[in-house]
Structures are given as structure tokens and as C-alpha cells.
S.K.: 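I have a structure here, written as C-alpha cells, and I will follow up with some questions on it.
Protein chains get the first letters and strands the later ones, always in sequence-line order, with residue 1 at the start of each.
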Amino acid sequence: MPAPLPTPSSPGPAAVRGSWKRAALFVLGFAALLALLGRADPLTDVPVVGEKLAHFRQHVARYDTLFIGSSLVHRQVSPAVYDAELAARGLESCSFNFGVLGMVPPESYYLLERILDERPPRLRTVFLELSSLQLRVKREHTRRFDYWHSPRTTLDVVRAIRGAGWDRAVEAHQVLRHLEASLRKVFHCGQGPALLRTLIGPHDPAALGPDGDGWLSTEDDTSNRIELRRELGELEEEELGARLGALRASTGAARREGEVGLALLARTLARVRAAGATPILLVPPRHQVRSSLAAHVRERLDVEILEFDDPARYPELYAPELRFDLNHLNRDGAALFSRLLAQRFAELQGR
Amino acid sequence: MLFNSLHFLAFFPVAVGIYFLLAHRWRWAWLLLASYYFYMWWRPSYLVLLVAITVVDYAVGLALAGAKGPGARRALLVLSLLSNLGLLGFFKYFNFLSQALTDACGLVGFGYQAPLVDVILPVGLSFHTFQAMAYTVDVYRGLQTPERHLGYFAVYVAFFPQLVAGPIERAGHLLPQFHVPHRFEAARAADGLRLVLWGFFKKVVVADRLAVLVNEVYGQPEAFGGAQLLLATYFFTYQLYCDFSGYSDIAVGSARLMGFDLSQNFARPFAARSIAELWGRWHISLSTWFRDYVYIPLGGSRVGPGRHALNLMIVFLVSGLWHGANWTFVVWGALHGLFVVVPLLLRSLGLGGGDARRAPWRTGLSVLVTFHLFAFALIFFRAQSLGEALAVVRGIAGGLGSGPLLAGVTGFDGLELAIALVSIAVLELVQFAGARRSLGALVAARPLWTRWGFYYATLVVLLLFGKFDEREFIYFQF
């Protein structure tokens, strides 16, 4: 047995208490520092979201109408056409397209809250794309995945996952991924370069589209992904007519939003109303079998829902020559949809 | 488990907290459980290897204490060496040797295909086998009392802070520390945390940032010009240093938090004036292992100049092979051998050498040349094959070209380059400042608000400028 080493003398209780007190103070100070950094986080490194948010901050007093949602909004709603159509009907409007590819709840709810945090003084109408809560992890380890994981949103997601009835292992895996993203957000992991970029350089104006109002039609997007999509779209052209025909003939699919999803939506709508604006849920034209989601939400929540996903009611939005690919309208299709949307809104206003 | 993972962030406070809450007589059991859990996070089934190494070397140690004749003692030592090296040989070198045999047969026109095995190298195997072997050799030599408590010995082999990438600890240094009850000491804990923080800075701010450019350029060296290849080589030199010394700092700091002292593994290696000196500052626990268990048994320097040179070449070739079963590592080891042996032979012939300390400019020049020799050898360390390494050398030798420095590099722009260069400058400045007195001691001597300001600043820089994609430590593969 080796000879025992001398043991250190033990510190007194007062010294131990002092150590713990200092440690607690240090942690509190650090938490305050993180909170300060959180307020400074401009989200500028989140693709498209960052550019649109930065533009909106600069022109916060300009816009009275916002469109928020996925590519079905980003690609298909032209604020310029929408405003012009309303102007022709005697309604003044200055709108901005806050659509982002693949953005569904809870990301869209989070972004909407960040927008409302800017207190836009003229905001009157918010069109929010109606979509189910997306719980499965996508784009893991990307800033796009992390940025909306505020502690509150993360808790909401975890609650929704717990109630989704998934396999326990899948549930644990998904919860863990969301918690990791939340920690990365809270601790601002890797955000230094983005903050520096904010200080030294202007934003990429291309993300705002050719009109500078957030709309980027499928034809105007020159990124590689879209080039590829265009080729695929051309290949699918023959098939397109047949698929759209089948869609017209479909009778719809049963779909309901979970209780957590409904509660989050209700909270978001309340936040919009508290900001002095009217929320309107939007179901854009899309190549999916019609679902009963809108009917379910209408049953449970007091909110206006404008639906454009019915090929029988809007056959012109499903004409093959107005489609870029199976999922999206082309530039002309987007213009048509924007006019129809403005007309429906005007009808709601009694014009 | 990776130090730079959220799992470790959750695991470590629990491991340390429970360690201090337990009575001393149960702490070894908790440390063993925590260490095995740490190891099993990677591949649970390979725990059996760790247990096998532990049981064999524990039994051999006890048997050596009871063995009478030199023959029996030698047989026991051979048993330990064979079992440790056998494991290492099977998992690490079997396919390499098989392929070499197949290639050799092909060269003489004999179409023999040696068998290959489909196994994954257990993480850190070279580290814990070397640590366990050192124990039996020391017991054999009478330098170490055999450990009778299997639990303490098992923790010595598997102690989680240094389990997968060292420092390779000697039994005489680490084993007695498990026998001693450690109390939680705030000053010691703060010292450990400072080291952990510094280790994380090296890993996630410097090493993992440089890795982005290095991986891209070394991934397809023929696609890049001399300037990019040279930059990637310089960056890899710092990446490797920060990755490995960062791991060592986190390991030493974590252990210190629990009251344990681990060996220093790095001492400003890029301030070395020769490759021989550099090896006294780089991966010190491995260098001294090779010195004590290979170099000195071969005769060391107490032989003729020719044999001395041969001993050095053998040590560096074995060291190269220790790092990896690939001809690139053999060449890397051979180059280091040559960098040490050639000046030695020149000095023995009365050529070159001299006292480099006489003039500062000569010292500076020696440091610069040493750094470049080290970086040059690392081309072979980093490349996947000799062909790739030669492509890098040819690319650099072909000139730097006139295009932009980051031409063709994606995911690493001018801002990232600036952050990388600033972080390297900070690293060197801190190391320079800490050369005479450790940074920890320098900070600890400051008033509270200065200390806290320093800690907050370091934490914020670490969080904002770190890469948190849980990239593995390079030395895990060895």
C-alpha cells in the first residue's frame, strides 16, 4: 500500500458559505450578461429571416399588412399586386411579404412575435398561413433550426411532443434535439461572426426580392436549389395536368390540430390583436389534398380563415400554365393569387 | 463521450457532485461507474476490452509480487505485454500488416491476398494500453508496488478525464491519489475550471474553426493552389496543437476539480528551438513513455553515435506507428527521426550546431525553422495517403500563385480568416504571458472584479466564437 498523501486542511463554514455565495453571484451575473446578449441578437445570420427582419426594423412605420408563412406565401403573394388591387377598390395598403421557405409553426409563431416586438405603429392586418404544428426536427445543427428555440417556444414544443403519442425512444430523441437547440440559442453559441457581420456589412438585398417587398417568385430565385427544382418542374410538366386533375376530384383528408397547437395558435392570434391588428389565417393554393384543418380551427377559434386550396372554387389557380411546379405558382400565378386574395380581403371589409 | 458535447455538460457536474457527496470508501466505485459510463457512450460492447486490460494487468501485477525466479517474472511481463500489444495489434495494425503483406507479395509476383478484418478501432485504445503496460513494467522493475485493490486499479486504467486521449499517467503518480480522500477546495476548483475554460477556447474557438478550412483543402488538395495549401498546413499545425492540448487542459482541469493532479502534456511546443526540444514540450506523457520504455532499454545515448542515431530512429518510427497504421504516419515518424538525428550527427562531426542561445536572432531563427520542419512533417500526418501528401508538397513547391488567398474555399470567408488569425494571436500572447507564471496564477492574483471580468469575457468569447458542432478530438482515433 503506498503511503497516503497529506490531506488538505478543511476550510471553515464561513469560508465555504462565502464560496457558494460568490459562485451564485457569478452565475447570476453571467445569466444577466446572456440576457443582454439575447436582446442584442439581431438574427441577421438566419437566411432570409435575418434580411427581412433587418429591413422591417428599418421601415417599421411603413407597413400596415404582413404575410407570414412558408414558400406558399413567400413565392405566391406579391405585396405590390395586392396593394394595387386594394387601391383600385379604394383601400389603402402597404404590405410586406414575410414568407420564408419551409416556415411552419412553431417557427412562424415565434417570428411573428419577434416582428410584433418591434411595435409596428401602422400594423392593421396580419395574414398567417394556417399549418399544423411541426414537431419533428428538421435542419438540425443549423441556425435556422436554433433561432426560434426560445425557452418558451421550446417548452411549448416539448409539451406538444409529450402529447403526440409517439414511441418513447423517438419522443426522447426529439425532445433532446429541441432542448439542445434551445441551449445553443440561450447561450448564443457561435453567434459572434454574425454579430460582427451586422456591424461591418449591409444585408443581402436579394432576399427581399426584385420589388424589395419580400416577394421572390419562383422564376426570380436563381439559387441552385431552385434551378434544380425548375429542371424537375420541367420534367414533371406532362404529369402536372394529371396530378392537378386528381386533386380537383379529391374529397379531402381528415386533419385536426392538437390541443397544444390550438393553444399556441390562440396565443399568437391574441398577441396580434393586442398589437392592434387583425389576424387572418390563410390557406394558400397548394398541391395537397384538401384537409379539414381549417374547419377544425374554425370550430375551436374565433378567427377569419381565407381558403384558396379548393380547385373547384378556384380552378384558375390550378391551371397548369400558372404552375411553376407541382407545389408552387409561377410569377403570373402569384399575381393572380395576390389579386384574388386582395378581392377576398376587400369583401371582408365590405368593398 | 466528447468533452465538447452537451452530454458531458450534464454528466460532469453530476459526476463531480456525487463524488464529493460520497464517503471516501465509495468514491472509487463511483469514479469507476462514471468512467465506464463515459466510455460506453461511444460503443458499449468495447467496455469488455477495457475490463480485460484491467483484469490481466491487475493479476499480472499481483503475480509479479509473488513470483520468485527471474524466468517467472519475465514470463508474467511477456504475458502482460502480449495481451496489451495483442489487442492493439489486432484492432489497429492487423489490416495494415495484412495489406502490406498483400502488396509485398504482389511486388514479387506472388498473388496472395492476406485476410482483412472488419473491426472498428476502440477509441483511445493506444492510450489505455500504454498506461496499463507502464504499470506492469514498473512493477516488474520494482519501481511500483503492485496495487491490491482491484477497484483502485480499475479506476487508474479507466479514469474518465484522461481515458481516451491521455495524458498517459504513470501508476506511481496517479494510483496513490485514489487512496487519498479529497475535500472540495474552492481555490483548487477555480484553478481547474480556469484550465477547462482555456482548453475549451483552444478546442472550439481555434481548432474547430481552423478545421473548416483544413478539411476542405486537404479533402481535395489537387483542387487548390500553393497559397491555400500552405495556409491549410499552417492552420493544421495550430489545429492539431489546439485540439490535443485543449483536450489535455480539459482533462487536467476536470481532474483537478476533483482533487487529482494529472501530468502536464504540453509546454509551449512552438517556442522550441529544435525538434528534439519540441518533443520535450509536445505530448510529454508519450515522449517520456517512449524514453523510459523503448529508448533507454535500447541503450539510449550511452552507446556509440551510430547506435544512438539508430535508437532515436527506432523510437520515432514506433512513435509514428503508434499514431496510426498508415504509411503516412511511418513517414511522419521517420521525418522526425531525421530532424533529430541529422543535427546530432553533424554535431558529432564538428559541423553546425553551436549555442543557439548566444544571439536572440539565432534563437528566433531556430524557433522559426523548427516550426516549419514540424509543420512540413504534419503534411504526412494529415494526408490520407502518401500520394495526397506528395500532392500537397508539390502544390506548395509549385509557388503561391497570385489569386486571392481563399480562392475556391467555401464556408471560410475573410471574416472567418480574421477571427482565426486573431484567436491564434490571442493564444500565443496568453502562452507568452504565461511562460514564467501560469495564466491561472496570474489571474488568481488579481482583484475580484478583474478576475470576474476576465472570466465573463472568456466565456462570452468562447460561446460567441466557438464552433459547437461536437467535432471529435483528433487524438481519439489513436
S.K.: Does any heavy atom of chain A fall under 4.5 Å from the side chain of B/R209, the backbone, both, or neither of them?
M.R.: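 B/R209 touches chain A through side-chain heavy atoms alone.
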S.K.: Which residues from residues 25-34 of chain A are near chain B, with near meaning under 4.5 Å between non-hydrogen atoms?
M.R.: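 Interface residues of residues 25-34 of chain A: A/L25, A/F26, A/G29, A/F30, A/L33, A/L34.
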S.K.: Do other residues, nucleotides or ligands put more than 12 heavy atoms under 6.0 Å from A/R162 CZ?
M.R.: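 Open: at most 12 neighbouring heavy atoms sit under 6.0 Å from CZ of A/R162.
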S.K.: Report the C-alpha separation of B/W42 and B/M1 in whole Å, then their side-chain angles, then the decisive distance to 0.1 Å, and conclude whether the side chain to side chain contact (heavy atoms under 4.5 Å, CB included) test is met.
M.R.: CA-CA 6 Å; B/W42 171 72; B/M1 193 183 297; over 6 Å; no
S.K.: In terms of heavy-atom proximity below 4.5 Å to chain B, should A/L179 be classed as side chain, backbone, both, or neither?
M.R.: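 No part of it gets close to chain B.
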S.K.: Who pairs with A/E113 by salt bridge (charged side-chain N to carboxylate O under 4.0 Å, His left out), at least two apart in sequence or on another chain?
M.R.: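 Residues passing salt bridge (charged side-chain N to carboxylate O under 4.0 Å, His left out) with A/E113: A/R152, A/R271.
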S.K.: Under the salt bridge (charged side-chain N to carboxylate O under 4.0 Å, His left out) test, which residues partner A/D167, sequence neighbours left out?
M.R.: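 Result, salt bridge (charged side-chain N to carboxylate O under 4.0 Å, His left out) vs A/D167: none returned.
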S.K.: Using heavy-atom distances under 4.5 Å, tell me whether B/L448 contacts chain A through its side chain, its backbone, both, or neither.
M.R.: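 Contact with chain A: side chain only.
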S.K.: Parallel, tilted or perpendicular, judged at 30° and 60°: which one describes the rings of B/F11 and B/F8?
M.R.: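 Ring orientation of B/F11 relative to B/F8: tilted.
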S.K.: Is there a donor-acceptor contact under 3.5 Å from the side chain of A/H149 to the main chain of A/F145?
M.R.: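 Here the side-chain-to-backbone pair exists.
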S.K.: Under the salt bridge (charged side-chain N to carboxylate O under 4.0 Å, His left out) rule, collect the residues that match up with A/R119, sequence neighbours excluded.
M.R.: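 By the salt bridge (charged side-chain N to carboxylate O under 4.0 Å, His left out) rule, A/R119 matches no residue at all.
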